[in-house]
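All remarks here apply to the structure that follows.
Computed from a predicted model, the values in this text were never measured in an experiment.
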Amino acid sequence: MILERFNRTRYLTYHRLSITSTFTTASNISGEVQPSLLTKLRSEVKNAMRKKDQLKLNVVRGILSDVTYASKSSSQSTGIIPTDQEIYAMINRAIKRRQESITQFSQAGRKDLVENEQGELNILVSYLPEQMSEREIEIEVKRVVEKLGITGEGGSKDLGKIMKEIKIDNSKASKKLVVDVVKKLLSEKSKNE
């Protein structure tokens with residue numbers, strides 16, 4: 001009986017490890033296997049523990065906590081490990097929280113807390129992919145505007161059409177920045193005509 005239970009536990013543990021390991025790597029266009037963001041975060045926890053970097057350890061543990069919560073929550077329809085894009089969205093939310101905290105702490109005159117939040121913010125930003133410049137976003141928006149044949153007279157309807165059609169990754173540019181660029185281009189287009 002005990003041996004049977006031990007073998008079953010060993011079997012389940014082995015298969016759980018093999019199932020989760022299939023989610024830990026992602027391949028890029030060239031066919032190379034790169035570690036996923038989740039694997040990178042887990043290794044960063046170990047590295048931060050070895051280096052006794054408490055600030056980085058707390059930040060990365062917070063991200064991993066968000067990932068675990070998202071994978072277990074009922075609001076997420078999938079019970080599997082979140083994708084890199086979902087993790088980037090979680091990191092962006094954490095960045096937004098830190099930025100709000102920095103403004104509130106600076107208004108209250110708490111320089112020590114501002115420095116701590118700024119350090120956490122810098123660590124979080126290091127996990128995001130390289131951000132698109134406003135010029136790159138503008139080029140992409142112009143391409144979509146030309147494709148759709150938008151004249152700029154439709155106002156918010158045109159904005160909605162463009163935002164539906166544009167394919168900019170949320171991890172590379174915030175939606176707010178994209179909307180601002182679209183509004184700027186639409187106002188310029190309506191003034192020219």
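For residues 102-123, the pairs satisfying side chain to side chain donor-acceptor pair (under 3.5 Å) are R98-E120, R110-D112, Q118-N122, with sequence neighbours left out.
In summary, the side chains of R50 and N47 do present a donor paired with an acceptor at a separation below 3.5 Å, with no hydrogens or angles considered. No hydrogens or angles considered: a donor-acceptor pair under 3.5 Å links the side chains of S36 and T39.
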Residues 176-184 side chain polar contacts: donor-acceptor under 3.5 Å, at least two apart:
| from | atom 1 | to | atom 2 | distance (Å) |
| --- | --- | --- | --- | --- |
| K176 | NZ | D180 | OD2 | 3.4 |

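Looking at heavy atoms from C-beta onward, I87 lies in side-chain contact with L41 at the 4.5 angstrom threshold. Annotation: side chain of M49 is in contact with side chain of V45 (closest heavy-atom distance under 4.5 Å). Using a 4.5 Å heavy-atom threshold, the side chains of E130 and K172 count as separate. The shortest distance between side-chain heavy atoms of L113 and I102 does not fall below 4.5 Å.
Side-chain heavy atoms closer than 4.5 Å link hydrophobic residues (I, L, V, M, F, W, Y) into clusters, and following such links, even through other members, never connects I139 to V144. Hydrophobic clustering, with ILVMFWY side chains joined whenever heavy atoms are under 4.5 angstrom apart, groups Y127 together with V125.
Using a 4.0 Å cut-off between charged nitrogen and carboxylate oxygen, D66 and R97 count as a salt-bridge pair. Using a cutoff of 4.0 Å between basic side-chain nitrogens and carboxylate oxygens, K161 and E165 are not scored as salt-bridged.
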Run the numbers on V145 and L185 for side chain to side chain contact (heavy atoms under 4.5 Å, CB included), then give the verdict. CA-CA 9 Å; V145 166; L185 283 175; 5.6 Å; no
I91 vs L37, test: side chain to side chain contact (heavy atoms under 4.5 Å, CB included). Steps then yes/no. CA-CA 11 Å; I91 292 173; L37 183 59; 4.1 Å; yes
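Rounding to the nearest 0.5 angstrom, the gap separating the CG atom in L121 from the CD1 atom in I95 is 6.0 Å. We find the NZ-CD1 distance between K147 and I162 to be 12.0 Å, quoted to the nearest 0.5 Å. Rounded to the nearest 0.5 Å, atoms OH (Y88) and CZ (R93) are 15.0 Å apart. For the atom pair OG (S101) and NZ (K96), the distance works out to 13.0 Å, reported to the nearest 0.5 Å.
With K142 as the partner, the salt bridge (Lys or Arg N to Asp or Glu O under 4.0 Å) test is satisfied by one option alone out of E146, E138, E140: E138.
Between A173 and Q131, the closest heavy-atom pair is N-OE1, 3.8 Å.
Under a 3.5 Å cut-off, the side chain of T68 and the backbone N or O of L64 do form a donor-acceptor pair.
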